[in-house]
Structure formats: structure tokens, C-alpha cells
Amino acid sequence: GYRKGGTKMKKTISLLLSAVILCAVFLSGCGSSDSLTLNVYNWGEYISDGSEGSFDTIREFELWYKETYGQSVKVNYDTYASNEDMYNKISSGAVSYDVIIPSDYMIARMAQEDMLLPLDFANIPNYQYIDEGFRGLYYDAENLYSVPYTYGVVGIIYNANVVDEADARGWDLMWNDKYAGSILQFNNSRDAFATAQYKLDLDVNSTDTALWDKALAELKAQAPLVKSYVMDEVYNMMESGEAAVAPYYAGDYFTMLDAQAEDVDLRFYYPERTNYFVDAMCIPSCCQNKELAEIFINYMLSAEPAIANAEYVYYASPNALVYEDAEYIDSLGQEAMDILYPGIENFSELYNAYAFRNLGSETLGYVNSLWEDLKIG
């Protein structure tokens with residue numbers, strides 16, 4: 001899944017104090033006035049942030065923590081635009097974060113490279129509300145490193161005032177020269193290649209270089225039609241009508257719908273084969289305060305923030321406190337529920353068929369070289 005972007009310099013190391021000690025210090029009246037620091041790194045547009053009267057998740061957590069533990073906490077909240085950006089930033093050692101929210105295949109890669117810490121679920125009792133269908137998935141088979149935050153499916157967004165309804169089918173729309181100069185493509189290798197791979201019915205997790213070459217040829221054939229390779233720029237370009245066709249995540253379609261210009265009529269459909277993904281909360285090995293990070297993750301799973309975040313980001317939630325909530329279902333409406341929660345009852349089956357797996361370093365290196373080739377071209 002994908003959202004927006006930003007960076008911050010390495011934070012000062014915060015104190016690792018248990019809740020018991022915090023309470024004891026507070027009650028004794030001789031505690032340090034220093035507040036704790038929690039560094040959170042998330043996708044852009046991926047949390048209810050208080051804008052337009054919405055629930056301010058970060059502020060509310062700070063208030064709740066102070067009330068519960070008697071000590072102040074300051075959350076530094078930064079955003080990134082892609083899994084790869086986040087991975088590069090953290091693996092460089094230039095930054096330190098306590099909570100990150102990568103996608104499935106990136107979780108598998110980071111776990112394999114010892115970049116994630118195993119979670120202490122005693123500090124995350126709200127994990128009980130995560131649907132069973134989201135446990136034991138390939139990227140964290142033993143449920144050691146991650147707590148699902150949202151999930152989704154990639155579809156195609158198009159402006160019905162520009163695109164003929166008859167053309168709005170499958171992945172072919174993105175290669176339709178009738179819309180040359182109005183088509184957007186993902187600006188990250190994995191998602192962009194997948195559009196071609198699903199179109200050609202190729203395995204998105206293949207280690208066969210010849211199949212990746214085939215997908216590259218398809219992307220090169222598409223390149224003259226592409227207006228721009230985008231991540232977060234997709235919002236403005238689709239909302240304003242500057243572009244008419246884009247592959248993106250179902251949740252983001254509703255965000256665009258809310259902000260579309262008067263002369264734009266955005267619609268959405270799923271191609272037959274497409275990417276199913278899970279984004280999950282993890283603690284990177286550079287974490288400075290693991291217990292505080294786990295308390296934050298647990299807070300994110302509690303009803304008020306979980307529902308507020310699901311409503312704000314428009315992504316499907318694997319949390320029963322959200323998808324079983326009558327007000328949430330009512331506020332979204334049936335059409336949105338149908339788009340956001342397709343095949344929830346057999347999610348793991350669809351997920352296992354179409355999700356990205358972590359590619360080995362050799363395949364990954366090859367894919368990156370093809371991507372450079374495409375972008376330079």
C-alpha cells in the first residue's frame with residue numbers, strides 16, 4: 001500500500017521505563033520532568049490527524065498516555081511515500097524510529113535481515129481483535145513481528161468524463177492509446193511491474209528473469225502513453241482532472257472522490273487479477289523504546305482510534321472493533337463496503353494467490369536494474 005512523504009534527523013535516545021516505574025515515579029512526586037519520545041514513521045495520509053474536525057490520533061495518544069501513566073510523551077511523526085523509501089532510510093542507519101508500518105513483502109524482507117524486533121504481545125492485548133484470517137500469513141508466519149493495521153486491493157481509478165465506459169475493463173485501459181498523455185503509472189518498481197505482470201498473467205513473484213524481461217517490454221510499450229510516474233502526486237492529478245487513468249489502492253479512491261473537481265467524475269473497478277496487500281505495525285531494530293512502541297500499537301487497536309483511522313484513511317481494517325461497528329458500516333455505505341472489503345470471507349485464499357512475496361536479493365537486484373532501464377529510457 002502507498003501514501004505521502006517526509007524525513008527527520010535522528011532523535012535523542014528516550015528512556016526505557018516500564019509503566020510500573022512511571023507510575024511509581026509520578027506518585028512519589030520526584031520524577032523527572034523530561035517527557036518520553038516516540039518516533040513513528042508511516043505512509044502519508046495514513047492516520048486520522050485532526051484535520052477537518054477528525055480525531056487527532058497522535059494528540060489523543062499523548063493525552064491518554066499522560067492520563068494513564070502520569071508522564072508526558074512526545075510523538076515525532078514522519079511520513080514516507082513508498083516501502084522502498086522507508087527501507088532505504090532505515091537501513092542507512094541515518095534515522096531511528098520506534099514504530100513503522102510497512103507492507104507485507106517488506107516486512108518479510110526486514111525480518112529476514114534482522115531489521116525488526118519480536119513483539120511482546122503481553123503489551124498488546126488488543127491484538128485479540130485482529131481477524132484470524134490475517135494471522136499466520138506468509139510474511140510473518142509465526143506472528144512474531146507485526147500487527148495488521150489495514151489491508152487493501154489495487155484497482156483502477158478513471159475519470160468517466162474522459163474515459164469511455166466500454167474501455168474501463170481489466171488492465172488494458174492503462175495501455176489504451178486513446179488516453180495517451182492522461183495515464184499515470186506507479187513510481188515504484190514492484191507495483192509498476194505488477195500492472196504489466198497481472199495484465200500478461202505472469203507470476204509477480206517469479207525468479208525467472210525472462211518473465212521480468214517480458215513485463216519490462218510491456219512497460220516500455222506503455223511508456224509513451226504515460227503522463228507521469230507517481231506516488232502521492234496521484235491525488236492532485238486525478239482530483240483535478242489533470243490525468244484520467246491511474247492504478248491505485250482502493251482506499252485512496254474514496255479520498256480522491258471527496259476532493260474531486262466539479263468537472264471530474266471519478267470511478268473505480270478491480271481488474272480480474274490484482275494485488276492484495278496488508279500493511280502492519282512493526283518495531284524496527286533501531287527502536288529506542290520498545291515498551292512504549294508496544295503501548296502505542298495497542299492504543300492504535302483500541303476502538304476509538306481504530307475506527308477513526310479506518311474512516312479517515314478509507315482502507316479496510318482487519319480489526320473486528322472496526323468492521324463489525326454498526327456506525328462505521330452505516331457511515332461508509334454499502335457501495336464503499338463492497339469496494340473496500342471484497343472477498344473478506346476468503347481473504348487469505350485471494351491473498352495467497354496474488355500478494356507480493358519478498359524477492360530474493362538476486363531477483364531484487366535484477367528488477368531494480370530493469371526499473372532503472374525503464375526510467376532512464
Side-chain angles (χ1 to χ4, degrees), residues 1 16 18-19 38 40-43 46-47 61 83 86-87 90-91 97-153 190 205 251 275-287 289-303 305-307 309-310 313 315-324 341 343-360:
L16 182 57
S18 74
L38 183 74
V40 178
Y41 204 21
N42 194 6
W43 301 92
Y46 215 33
I47 196 168
F61 170 73
N83 282 293
M86 179 275 302
Y87 172 85
I90 288 180
S91 60
Y97 288 99
D98 303 304
V99 178
I100 56 174
I101 307 186
S103 301
D104 38 33
Y105 71 95
M106 189 55 77
I107 292 169
R109 179 181 181 182
M110 293 178 83
Q112 202 179 338
E113 295 178 18
D114 291 327
M115 290 175 68
L116 300 177
L117 297 177
L119 302 173
D120 179 357
F121 284 92
N123 291 327
I124 312 173
N126 289 334
Y127 182 69
Q128 64 183 305
Y129 301 117
I130 296 295
D131 187 284
E132 286 295 332
F134 291 82
R135 302 185 190 200
L137 295 174
Y138 87 88
Y139 62 89
D140 189 7
E142 292 172 45
N143 303 311
L144 293 175
Y145 302 105
S146 63
V147 171
Y149 176 56
T150 62
Y151 71 98
V153 190
R190 204 69 202 272
N205 300 303
N275 179 232
Y276 287 70
F277 65 87
V278 176
D279 289 346
M281 296 178 279
C282 301
I283 298 180
S285 51
C286 58
C287 171
N289 194 333
K290 185 167 180 281
E291 188 171 348
L292 181 59
E294 288 161 347
I295 290 170
F296 176 79
I297 290 172
N298 191 59
Y299 176 82
M300 291 285 279
L301 295 179
S302 57
I307 292 168
N309 288 327
V313 307
Y315 275 61
S317 174
N319 186 334
L321 295 180
V322 178
Y323 66 74
E324 289 176 356
Y341 292 85
I344 176 84
E345 56 292 328
N346 58 340
F347 175 79
S348 57
E349 190 185 315
L350 290 164
Y351 179 83
N352 289 335
Y354 295 119
F356 294 156
R357 300 294 199 274
N358 177 36
L359 300 172

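Qualifying side chain to side chain contact (heavy atoms under 4.5 Å, CB included) partners for N126, counting only residues two or more places apart in sequence or in other chains: Y129, N298, L301, S302. Contacts of R135 classified as salt bridge (Lys or Arg N to Asp or Glu O under 4.0 Å), with partners at least two apart in sequence or in another chain: E132. With sequence neighbours excluded, the residues forming a side chain to side chain donor-acceptor pair (under 3.5 Å) with N205 are R190, listed by chain and number. Not counting sequence neighbours, E142 has no partner by the salt bridge (Lys or Arg N to Asp or Glu O under 4.0 Å) test. Partners of Y351 under the ring-ring contact (aromatic ring centres under 6.0 Å, His included) rule, at least two apart in sequence or in another chain, are F347. Contacts of Y299 classified as ring-ring contact (aromatic ring centres under 6.0 Å, His included), with partners at least two apart in sequence or in another chain: F61, W64. Residues that satisfy the side chain to side chain contact (heavy atoms under 4.5 Å, CB included) test with N309, not counting sequence neighbours, are I47, S48, T57, Y149, M300, P305. Taking Y127 as the reference, F121 meet the ring-ring contact (aromatic ring centres under 6.0 Å, His included) condition, with sequence neighbours excluded. The side chain to side chain contact (heavy atoms under 4.5 Å, CB included) test applied to A320 returns Y323, E324, not counting sequence neighbours.
Between atom CZ of residue F134 and atom CG of residue N319 there is a gap of 10.5 Å, rounded to the nearest 0.5 Å. Residue C282 holds its SG atom at 13.5 Å from CG of D98, rounded to the nearest 0.5 Å. The CZ atom of F296 lies 15.5 Å from the CD atom of E291; values are rounded to the nearest 0.5 Å. The CG atom of L117 sits 6.5 Å away from the CD1 atom of I283 when rounded to the nearest 0.5 Å. Note: C286 SG to I100 CD1 = 7.0 Å, rounded to the nearest 0.5 Å. With rounding to the nearest 0.5 Å, the separation of OH in Y41 from OH in Y97 is 5.0 Å.
Considering only heavy atoms from C-beta on, Y145 comes within 4.5 Å of P118 through its side chain. Contact annotation: the side chain of D104 never approaches that of L137 to less than 4.5 Å [non-hydrogen atoms, C-beta and beyond]. A 4.5 Å side-chain heavy-atom check between N123 and K290 finds every atom pair outside the cut-off. Using a 4.5 Å cut-off on side-chain heavy atoms (C-beta onward), F277 and Y139 make no contact. Side-chain contact check for V278 versus Y151: some heavy-atom pair is nearer than 4.5 Å. Put simply, the side chain of M106 does not reach to within 4.5 Å of the side chain of I101, judged on heavy atoms.
Panel note: side chain N83, backbone S103; a donor-acceptor pair is recorded below 3.5 Å. Of the possible polar contacts, one joining the Y341 side chain to the S317 backbone as a donor-acceptor pair under 3.5 Å is found. Of the possible polar contacts, none joining the D279 side chain to the T150 backbone as a donor-acceptor pair under 3.5 Å is found.
The shortest heavy-atom contact between Y46 and Y315 is OH-CD2, 3.6 Å. Shortest non-hydrogen contact noted between M281 and P148 is CE-O, 4.4 Å.
Sorted by first and then second residue, the salt bridge (Lys or Arg N to Asp or Glu O under 4.0 Å) pairs involving residues 108-117 (not counting sequence neighbours) are R109-E113.
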